[in-house]
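To keep things clear, I will list the structure first and then write my remarks on it.
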Amino acid sequence: MAQALRPNTVGGLFATDGKPHPLQDTLLAVTLVLGLTSFITAQFHHLHLLSSWTGLVGILTGAYGQWISVTTRERFGLIVGLGAAGVGFFLGMAHGGLFGGIVD
């Protein structure tokens with residue numbers, strides 16, 4: 001009979017506690033988009049400005065999202081976005097940096 005006392009958490013995509021978290025969900029979406037953009041554009045040397053800046057902003061939004069996150073699902077998505085943003089940021093820095101350094 002212990003199963004009858006557990007709340008149903010399958011219904012929500014991001015909130016596992018049954019409460020809405022609009023700020024955390026927005027930060028999650030922004031971090032994922034910025035991380036994906038940074039990671040993809042880091043594969044091209046001439047797009048280092050875009051990859052480094054989107055990576056930096058993605059790292060900052062993801063860090064703030066982690067600080068205020070409430071559920072495990074939010075934290076998991078933020079970590080995925082932070083990882084992609086971090087890789088994109090560092091590759092963008094290696095290809096020329098935030099301000100367009102000259103790279104051979």
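Excluded from the calculations below are hydrogen atoms, water molecules and symmetry mates; all remaining heavy atoms, backbone and side chain alike, are included.
Listed for the Ser52 side chain is no donor-acceptor partner under 3.5 Å among the backbone atoms of Phe89. Although no hydrogens or angles enter the test, the distance criterion places a donor-acceptor pair under 3.5 Å between the side chain of Gln24 and the main chain of Ile68. Checked by atom type and distance alone, the side chain of Ser38 never pairs as donor or acceptor with a backbone atom of Leu34 at under 3.5 Å.
The one candidate from Leu91, Leu49, Leu47 that meets the side chain to side chain contact (heavy atoms under 4.5 Å, CB included) condition with Thr41 is Leu47.
Relative ring orientation between His95 and His45 is described as tilted, the plane-to-plane angle lying within the 30° to 60° band.
Separation of atoms CG (Leu23) and CG (Leu28) is listed at 11.0 Å; rounding is to 0.5 Å. Going from atom CD1 of Ile59 over to atom OG1 of Thr31 covers 10.5 Å, rounded to the nearest 0.5 Å. One distance of note links OG of Ser51 with CG of Leu98; it measures 9.0 Å at 0.5 Å rounding.
Nearest approach of Gly92 to Ala42, heavy atoms of both residues: N-CB, 4.5 Å. Between Leu27 and Thr61, the shortest heavy-atom distance links the atoms CD2-O, 4.2 Å. Closest approach of Glu74 and Asp25 over heavy atoms only: OE2-OD1, 3.8 Å. Contact between Ala84 and Gly35 at its shortest, heavy atoms only, is CB-O, 3.5 Å.
When hydrophobic clusters are built by joining Ile, Leu, Val, Met, Phe, Trp and Tyr residues whose side-chain heavy atoms come closer than 4.5 Å, directly or via intermediates, Trp53 is grouped together with Phe90. Clustering ILVMFWY residues whenever any of their side-chain heavy atoms sit less than 4.5 angstrom apart, transitively, puts Phe99 in the very cluster that holds Leu56. In the hydrophobic clustering of this structure, Leu50 does not group with Phe44; members are Ile, Leu, Val, Met, Phe, Trp, Tyr whose side-chain heavy atoms approach within less than 4.5 Å, directly or through other members.
Proximity of Gln66 to Ile79: side-chain heavy atoms (C-beta onward) are separated by under 4.5 Å at one or more points.
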